[in-house]
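A quick write-up on the structure given underneath.
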2 protein chains.
Amino acid sequence: MVTGRKKSFDLKEACVRAAREVIAEQGIEALSMRDVARKLGISHQAPYRHFESRDHLLAEIMRRCFVDFAEHLDRRKSSDGNGDHEDMGSAYLAYAAQKPLEYRLMFGTPWPEPARHPELVKYAVHAFDILRNSQRAKYGDLPTHYAKADLDALFIWSTLHGMASIMQANVMQHLVLAPGVMPRLKADLMHKIDAALEASSRPAPKPGPTRRKPATR
Amino acid sequence: MVTGRKKSFDLKEACVRAAREVIAEQGIEALSMRDVARKLGISHQAPYRHFESRDHLLAEIMRRCFVDFAEHLDRRKSSDGNGDHEDMGSAYLAYAAQKPLEYRLMFGTPWPEPARHPELVKYAVHAFDILRNSQRAKYGDLPTHYAKADLDALFIWSTLHGMASIMQANVMQHLVLAPGVMPRLKADLMHKIDAALEASSRPAPKPGPTRRKPATR
DNA sequence: TCTCTTTTGTTGACGCCGTCAACTATCATT
DNA sequence: AATGATAGTTGACGGCGTCAACAAAAGAGA
């Protein structure tokens with residue numbers, strides 16, 4: 001009597017599923033409460049029994065996306081137990097390519113206010129922690145090197161996320177690139193990430209100022 | 001009589017300005033035709049004399065954003081005539097940080113159909129060409145090295161765009177990073193970009209397959 | 001079994017939005 | 001002054017998110 005689970009036909013679940021379909025097919029901004037209601041053959045107010053507002057529904061979907069995303073990354077990483085970040089990178093890009101709209105929902109859309117709910121934040125942060133922990137492990141998990149590891153993780157994330165978004169960006173379709181670039185793109189990116197991490201960890205990290213040339217003004 | 005320019009008070013111009021204000025203040029999705037009309041004290045249909053639809057207005061704004069963005073990048077680059085890509089990078093990140101919503105409009109929003117207008121595409125591509133040309137110049141503008149230069153440009157773009165979006169992403173605000181990471185972030189990124197480009201151009205570029213390890217399946 | 005309360009779903013309204021259609025005011029050109 | 005284009009107004013329509021009031025259904029206690 002207190003659980004509230006197990007309905008005759010769990011409408012809440014059905015709403016989420018229908019909404020995710022709409023998003024995957026028509027995009028985030030096309031999602032409307034009335035749409036999912038129509039799709040389920042119920043009245044336009046029924047979904048409001050399970051979600052306070054459109055934003056709350058969106059937040060729940062985002063939460064699930066983060067869960068799925070983290071699972072996706074975890075699966076690839078643990079497939080051979082070595083956690084090679086090239087695998088991680090491939091998995092990351094694959095997810096973004098396969099579910100572009102859900103990826104955009106997580107990382108490219110301003111979070112609605114209900115999305116600040118701790119439950120969502122927890123899973124979102126967890127996804128980053130997968131990457132971060134792999135880098136910290138690389139440095140032997142020494143707290144002394146946490147900052148270095150975090151910088152590495154942010155660099156990897158930047159590059160992967162950047163590539164993922166760029167591939168979806170509309171400008172991309174209009175660029176005329178030199179022949180042979182597109183097929184080599186992913187491998188080249190991974191190679192450069194490797195090179196950057198290797199180079200940045202070997203020579204003494206210079207704590208000096210950014211510029212080596214005096215600014216003009 | 002044929003130019004159509006110079007009205008008593010150029011309403012088209014005023015619409016664009018008002019719309020950009022709304023976007024900068026309230027976000028892209030908050031922009032409404034009726035809002036700009038209200039803001040200008042005119043009837044809700046007046047803007048339609050100058051823009052076929054909301055999407056056409058949005059497209060015009062995007063076009064101007066790309067123009068501004070390219071100008072912004074050009075200005076920094078030519079300030080000392082050397083086109084150091086660290087300057088470019090700083091300029092890129094600075095723009096994204098200063099006009100986050102306009103940046104999102106250009107690179108993070110699905111283009112409405114009217115945005116495929118050649119005029120817009122032209123300026124969007126031009127912004128990328130600034131980056132690409134600087135890389136091609138690095139290789140002495142030899143067509144033989146265009147592919148390499150384009151890969152470099154895409155890598156730089158990925159990393160910069162990734163960092164720019166990540167800094168705006170909502171997840172970022174919830175990450176607890178090791179102390180000292182945030183202040184070092186930008187410099188570290190530039191340093192890693194440098195390292196990646198240097199390393200990838202020095203050793204013989206391996207044209208071999210992506211993986212060095214046989215795939216598990 | 002018959003109430004009584006809580007939960008779940010429906011109907012109808014409100015104000016906002018984008019946009020179409022029809023009307024009017026303004027103004028350069030003949 | 002007459003004309004025809006151009007710019008702006010008013011009013012309507014359907015779709016949206018959401019509030020409020022109602023109805024049906026389901027559990028719990030007697």
Side-chain angles (χ1 to χ4, degrees), chain A residues 1-23 25-62 105 109-115 117, chain B residues 1-23 25-62 101 105 109-115:
Chain A
M1 91 274 214
V2 80
T3 63
R5 305 263 164 273
K6 273 295 164 186
K7 292 290 160 308
S8 52
F9 183 58
D10 195 345
L11 192 54
K12 180 166 184 173
E13 200 56 30
C15 284
V16 172
R17 221 191 310 280
R20 284 182 83 159
E21 274 176 32
V22 174
I23 288 181
E25 286 164 13
Q26 325 216 27
I28 297 140
E29 32 281 316
L31 173 69
S32 84
M33 289 281 128
R34 289 171 118 106
D35 242 15
V36 326
R38 241 180 324 247
K39 206 157 181 166
L40 294 166
I42 57 181
S43 81
H44 66 265
Q45 274 289 3
Y48 281 86
R49 284 293 149 190
H50 304 277
F51 303 96
E52 259 183 64
S53 72
R54 180 183 185 271
D55 281 349
H56 283 80
L57 171 56
L58 226 42
E60 171 62 15
I61 295 177
M62 288 176 59
L105 181 59
T109 306
W111 283 7
E113 204 255 317
H117 193 69
Chain B
M1 89 273 212
V2 80
T3 62
R5 304 265 162 274
K6 275 291 164 187
K7 293 289 161 310
S8 51
F9 183 58
D10 195 345
L11 192 54
K12 180 166 184 173
E13 199 56 32
C15 285
V16 172
R17 220 190 310 277
R20 285 182 82 161
E21 273 176 33
V22 175
I23 288 182
E25 287 164 14
Q26 327 216 28
I28 297 140
E29 32 279 320
L31 174 69
S32 84
M33 287 283 131
R34 289 171 118 106
D35 242 14
V36 326
R38 241 182 323 251
K39 207 157 180 163
L40 295 166
I42 57 181
S43 81
H44 66 265
Q45 275 289 2
Y48 282 85
R49 284 291 147 193
H50 303 278
F51 302 96
E52 260 183 65
S53 72
R54 180 182 184 271
D55 282 348
H56 283 80
L57 170 56
L58 227 41
E60 171 62 14
I61 295 176
M62 289 176 60
L101 291 158
L105 181 60
T109 305
W111 283 8
E113 205 254 319

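Lettering of chains follows the sequences in order, A, B, ..., and the numbering in each one begins at 1.
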Query raised in the report: Rounding to a whole Å, what distance do you find between B:L58:CG and C:dG18:P?
Result: 11 Å
**Report entry** Closest nucleotide among D:dG17, C:dG18, D:dA21 to the A:R49 side chain
**Finding:** D:dA21
Requested in this report: Nearest whole angstrom, please: distance from the P of C:dT10 to the CG of A:L40.
Outcome: 11 Å
Query raised in the report: B:H56 NE2 to C:dG18 C1': how many Å, rounded?
Result: 14 Å
Query raised in the report: How many Å lie between CD on A:E52 and P on D:dA20, as a whole number?
Result: 13 Å
Query raised in the report: Between D:dT9, C:dT10, D:dG8, which nucleotide has the shortest distance from any of its atoms to the side chain of B:S43?
Result: D:dT9
Query - Atom pair distance, as rounded to whole Å: CZ in B:R38 and P in D:dT9 - result: 14 Å
Report task. Could you check how far CD of A:E113 sits from P of D:dT18, rounded to whole Å? Result -> 13 Å
**Report entry** Base of C:dG9 paired with side chain of A:H44 (donor-acceptor, under 3.5 Å)
**Finding:** no
Report summary line: Heavy atoms of B:A37 and B:H44 approach each other most closely as CB-CA, 3.7 Å
Query raised in the report: Is any side-chain nitrogen or oxygen of A:R34 closer than 4.0 Å to OP1 or OP2 of C:dT10?
Result: no
Report task. Go through B:E13 and B:R20 one step at a time and tell me if the salt bridge (Lys or Arg N to Asp or Glu O under 4.0 Å) criterion holds. Result -> CA-CA 11 Å; B:E13 199 56 32; B:R20 285 182 82 161; over 6 Å; no
Report task. Report yes if the side chains of A:I42 and A:P47 come closer than 4.5 Å at any heavy-atom pair, otherwise no. Result -> yes
Query raised in the report: When you check the phosphate oxygens OP1 and OP2 of D:dG8, does a side-chain N or O of B:H50 lie under 4.0 Å from one of them?
Result: yes
**Report entry** Distance-minimising heavy-atom pair for B:M33 and B:L57
**Finding:** CE-CD2, 3.3 Å
**Report entry** Gap between atoms CG and C1', on A:L11 and C:dT7 respectively (whole Å)
**Finding:** 13 Å
Query raised in the report: What is the nucleic acid contact for B:R54, judged by heavy atoms within less than 4.0 Å: base, sugar-phosphate only, or nothing?
Result: sugar-phosphate
Query - Spacing of A:K12 atom NZ relative to C:dG9 atom P, expressed in whole Å - result: 12 Å
Query raised in the report: Out of C:dG9, D:dG8, C:dG18, which nucleotide sits closest to the side chain of B:Y48?
Result: C:dG18
Query raised in the report: Would you say C:dC17 has OP1 or OP2 under 4.0 Å from some side-chain N or O of B:S32?
Result: yes
**Report entry** Criterion salt bridge (Lys or Arg N to Asp or Glu O under 4.0 Å) on A:E21 and A:K39, from CA distance to verdict
**Finding:** CA-CA 10 Å; A:E21 274 176 32; A:K39 206 157 181 166; 3.5 Å; yes
